[in-house]
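Have a look at the structure below before the remarks.
The figures that follow rest on heavy atoms only: side chains count, while hydrogens, waters and symmetry mates do not.
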Amino acid sequence: METFTKIVSAVDDFAWGPVMLVLLVGTGLYLSIRSGFLQFTRFGYAMRNTLGKAFKKQKAGKGEVTPFQAMTTALAGTVGTGNIAGVTGAIFIGGPGAVFWLWISALVGMVTKYSEVVLAVKFRERNADGDWVGGPMYSIKNGLGKNWLWLAYVFAFFGMIASFGIGNTTQVDSIATAIGTAVAAFGGAEGSTALRIVIGVIVAIFTAVVIIGGIKRIGAVTEKLVPFMAVIYIVAALIVVFGNIGQIGVVLGAIFQGAFKPSAIAGGALGVGIMTTIQKGIARGVFSNEAGLGSAPIAHAATSEIDPVKQGVYGIFEVFMDSIVICTLTSLALLMGLSGQVGISGIEWGVSHGSEMVVAAFSGIFGGKISSIIIAVGLSLFALSTILSWSLYGARCCEFLFGKAAKPAALVYKVVFCIILIIGSTLGLDLVWTIGDALNGLMAIPNLIALLALSGVVIKITKDYFSNKKNLE
């Protein structure tokens with residue numbers, strides 16, 4: 001196991017090294033400049049045509065879902081444990097300054113995800129069952145041609161394998177940890193292996209029942225689950241933030257100072273350097289909002305919407321809601337809650353991470369028992385929705401890889417995915433997160449290459465759409 005851990009850590013260091021950070025942020029900046037910073041200039045349009053139409057009745061035909069269901073399925077994949085345990089890990093490894101770099105990754109990530117979705121709808125196709133299928137592998141295949149087909153297979157392979165990390169083991173492990181913390185608050189055994197296995201089995205059964213119904217059942221579940229879970233967590237986090245509002249100046253100061261000079265914060269004494277702060281902020285940001293990974297476009301490709309731009313703006317909304325709203329609330333609630341208890345300089349940055357620390361931050365307002373329940377419920381719903389979305393992503397990647405044998409291969413994949421959920425519930429958090437980070441990085445590389453190669457298509461489609469005044473009415 002020690003050798004395996006070293007190998008995973010080495011892959012993670014490579015996947016999230018300076019080259020990857022430059023590629024991720026650089027791609028977002030490049031697309032931002034070419035699109036005239038679409039994520040800011042068309043932000044109002046994006047909100048009106050996503051959040052503004054959230055409760056408008058929509059229809060979808062056979063093998064497709066409504067635009068809203070496509071968005072909630074993708075948002076279910078983005079709003080996961082990364083919003084709670086992932087953000088906490090970034091702060092406690094990279095210090096408060098990691099939050100600043102998470103924001104930067106989100107601001108450029110809005111246009112990155114917009115571009116991914118536009119390409120997914122533009123180059124999607126029907127599979128043997130008549131379902132719309134798309135994503136980076138199809139964008140590469142149908143947009144770049146046969147000479148680039150190898151890159152499509154590389155993405156599909158990494159996407160299928162990554163689903164067992166970011167969309168499976170990390171999620172179920174965090175559910176088990178959060179529930180274990182809640183059980184411990186009421187006098188139970190927090191680290192019980194039996195409890196973790198039971199949780200894994202329950203999650204696996206629920207997942208199996210939903211994914212058997214395919215994209216339409218997944219969409220039907222997520223369109224109800226995502227708004228419900230988001231409202232619960234946002235309200236609770238806001239209560240914690242306003243309950244510790246006196247700490248806002250100290251916390252914001254720690255975030256901005258720590259972004260460029262980590263040594264000025266307590267974490268500096270523990271060896272937290274600027275590269276660690278940047279790396280963890282961007283990595284956890286991408287883990288959470290998935291901009292640049294190429295995963296969410298797989299869900300968006302199933303939309304009944306025929307215009308790539310109309311569906312693309314949902315990508316802007318997703319990143320905004322995930323990172324700018326939910327991740328920021330987690331960060332502020334965590335930092336303000338803990339600093340209110342022990343003082344900003346008394347927090348041992350770089351030592352601990354996980355949902356337990358969020359519980360500790362919330363406990364100053366709600367008390368330990370109530371806080372553990374809030375986080376257990378919130379994190380479990382977040383993680384469960386992510387599991388459902390990533391089971392779809394992995395299955396679609398599997399179908400692409402196996403071609404004519406797609407249906408039986410996808411069935412085997414789904415069975416294995418559910419079995420891994422049970423195994424993942426018993427794994428340690430540190431190794432699980434390292435595996436998830438490493439697989440994310442490997443998956444992002446072919447997607448970002450394709451995004452840059454097809455950026456001209458995105459810009460042309462975007463300019464043509466917004467130059468038509470009728471589309472702005």
Side-chain angles (χ1 to χ4, degrees), residues 50-51 53-58 60 64-86 163 166-168 170-176 178-179 182 199-237 287-290 295-296 298-300 302-304 314-315 317-323 325-327 329-330 355 373-395 414 417-418 421 425:
T50 53
L51 186 61
K53 296 182 177 180
F55 301 103
K56 185 178 180 180
K57 191 171 182 179
Q58 299 174 324
E64 58 189 30
V65 294
T66 66
F68 182 71
Q69 288 177 330
M71 185 271 290
T72 55
T73 300
L75 195 57
T78 58
V79 179
T81 58
N83 296 84
I84 300 179
S163 69
I166 182 176
N168 188 309
T170 55
Q171 308 298 329
V172 73
D173 180 87
S174 292
I175 292 175
I179 293 177
I199 292 169
V201 170
I202 293 173
V203 172
I205 292 173
F206 177 81
T207 302
V209 170
V210 175
I211 64 178
I212 285 174
I215 179 63
K216 291 189 78 70
R217 185 176 297 176
I218 293 174
V221 172
T222 59
E223 75 171 338
K224 297 176 179 65
L225 181 61
V226 169
F228 173 73
M229 71 185 191
V231 169
I232 288 178
Y233 184 73
I234 288 172
V235 170
F287 188 97
S288 178
N289 62 50
E290 297 181 19
S295 49
I298 297 174
H300 283 282
T303 181
S304 59
Y314 279 100
F317 171 76
E318 279 173 34
V319 178
F320 174 78
M321 179 56 65
D322 178 272
S323 295
V325 176
I326 299 179
C327 285
L329 283 174
T330 295
S355 58
I373 292 175
I374 291 173
I375 299 305
V377 171
L379 195 147
S380 295
L381 292 176
F382 282 10
L384 191 58
S385 66
T386 299
I387 288 169
L388 295 179
S389 295
W390 272 88
S391 67
L392 170 69
Y393 301 161
K414 291 175 182 177
F417 187 89
C418 291
L421 283 171
S425 65

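Within the model, atoms OG1 of Thr386 and OH of Tyr393 stand 8.5 Å from one another, a figure rounded to the nearest 0.5 Å. Once rounded to the nearest 0.5 Å, the distance linking CG of Leu421 with OG of Ser391 reads 9.0 Å. Put simply, CD on Glu318 and OG1 on Thr50 are 9.5 Å apart, with the number rounded to the nearest 0.5 Å. Here Thr207 contributes atom OG1 and Ile387 contributes atom CD1; the two are 5.0 Å apart, rounded to the nearest 0.5 Å. Interatomic distance, CD1 of Ile202 versus CG of Leu384, reported as 11.0 Å (0.5 Å rounding). Cys418 SG to Ile211 CD1: the interatomic distance, rounded to the nearest 0.5 Å, is 4.0 Å.
For Val325, the side chain to side chain contact (heavy atoms under 4.5 Å, CB included) partners at least two apart in sequence or on another chain are Ile234, Phe320, Met321, Leu329.
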Test log, rule side-chain contact (heavy atoms from CB on, under 4.5 Å), inputs Ile175 and Phe382: CA-CA 9 Å; Ile175 292 175; Phe382 282 10; over 6 Å; no

Candidate pair Leu388 and Phe206, rule side-chain contact (heavy atoms from CB on, under 4.5 Å), full reasoning: CA-CA 9 Å; Leu388 295 179; Phe206 177 81; 4.1 Å; yes

From CA spacing to verdict: side-chain contact (heavy atoms from CB on, under 4.5 Å), Met229, Val226: CA-CA 5 Å; Met229 71 185 191; Val226 169; 4.0 Å; yes

Candidate pair Ile298 and Ser389, rule side-chain contact (heavy atoms from CB on, under 4.5 Å), full reasoning: CA-CA 9 Å; Ile298 297 174; Ser389 295; over 6 Å; no

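With hydrogens and angles ignored, the 3.5 Å screen pairs a side-chain donor or acceptor of Asn168 with a backbone N or O of Phe417. Side chain of Asp322 to main chain of Asn289: a donor-acceptor pair is present (N/O by atom type, distance under 3.5 Å, no hydrogens or angles).
Between Val221 and Ser385 the shortest side-chain heavy-atom distance does not fall below 4.5 Å.
Closest non-hydrogen pair, Lys414 versus Ala395, comes out as CE-CB, 4.2 Å.
Of the candidates Leu379, Val377, Thr330, Tyr233 forms a side chain to side chain contact (heavy atoms under 4.5 Å, CB included) with just one, namely Thr330.
Aromatic ring orientation, Tyr314 versus His300: tilted (interplanar angle from 30° to 60°).
Screening residues 208-228 for ring-ring contact (aromatic ring centres under 6.0 Å, His included), with sequence neighbours left out, gives no hits.
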